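First comes the structure, then the notes that go with it.
The first residue in the sequence is number 1, and the count goes up from there. Model, not experiment: these values are computed from the prediction.
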Amino acid sequence: QMQFAESGGDLVQPGGSLRLSCAASGFTFGYNAINWFRQAPGKERERVSCMSSSGLSTYYADSVQGRFEVSRDNPKNIAYLQMNSLKPEDTAIYYCARDRLHYFCPDHTELGDYDYWGQGTQVTVSS
């Protein structure tokens, strides 16, 4: 069975840090770009970050550029999202997803490009 499992979400104060993990199973993890999305209540799902299959290229949304860092460990089938200088507006459920079409990170993608999603992990930034 092919699946992702995110973990690491928590309640954190503004300015704090969290590291999210995305563990994959049931498919060859290293072939595709892995993306992180988030969805806040009442808002559309937003693409936050991407790392190419090789780990050599990345994408970050303007809202997180300079604060978030994506990484992956292909032999261990796991990806990470290090989130620093967190703000209340970062509060959302965070998901990882596999880009079924690309091994690199295009600037623009469609939700239909993604085939496997995790169940999400809640990040709440509040004092």
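Closest non-hydrogen pair, Phe4 versus Cys22, comes out as CD2-SG, 3.2 Å.
With sequence neighbours excluded, the residues forming a side chain to side chain contact (heavy atoms under 4.5 Å, CB included) with Ala33 are Asn35, Cys50, Asp99, Cys105, listed by chain and number. Contacts of Leu86 classified as side chain to side chain contact (heavy atoms under 4.5 Å, CB included), with partners at least two apart in sequence or in another chain: Val12, Leu18, Phe68, Met83, Asp90, Val125.
No more than 12 heavy atoms of other residues, nucleotides or ligands lie within 6.0 Å of CD in Glu69, so this atom counts as exposed by the packing criterion. Enclosure of atom CD in Glu44 is not indicated, since only 12 or fewer non-hydrogen atoms of other residues, nucleotides or ligands lie within 6.0 angstrom.
No side-chain heavy atom of Gln82 sits less than 4.5 Å from a side-chain heavy atom of Ser49. Within the 4.5 Å cutoff, no side-chain heavy atoms of Lys76 are placed close to those of Asn74. Considering only heavy atoms from C-beta on, Ser126 comes within 4.5 Å of Leu11 through its side chain. Residues Thr121 and Leu20 form a side-chain contact, since some pair of their non-hydrogen atoms from C-beta on lies under 4.5 Å apart. Side-chain contact between Ile34 and Met51: absent, with no pair of heavy atoms (C-beta onward) separated by less than 4.5 Å. Taking 4.5 Å as the limit, every side-chain heavy atom of Phe29 sits out of range of all side-chain heavy atoms of Asp73. Val48 is not listed as a side-chain neighbour of Phe37, based on a closest heavy-atom distance of 4.5 Å or more.
A cation-pi arrangement is found for Arg19 relative to Tyr80, the charged atom lying closer than 6.0 Å to the ring centre and inside a 45° cone about the ring normal. A cation-pi arrangement is present between Arg45 and Tyr95, with the terminal nitrogen or guanidinium carbon under 6.0 Å from the aromatic centre and inside a 45° cone about the axis.
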For Arg38 and Ile93, what are the C-alpha separation, side-chain angles and deciding distance, and is it a side-chain contact (heavy atoms from CB on, under 4.5 Å)? CA-CA 5 Å; Arg38 67 186 180 186; Ile93 300 175; over 6 Å; no
Begin with the C-alpha distance, continue with both residues' side-chain angles, and end with the deciding distance and a verdict on side-chain contact (heavy atoms from CB on, under 4.5 Å) for Tyr31 and Ser53. CA-CA 6 Å; Tyr31 286 172; Ser53 60; 5.8 Å; no
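The distance from the CG atom of Asp115 to the CZ atom of Phe27 is 7.5 Å, given to the nearest 0.5 Å.
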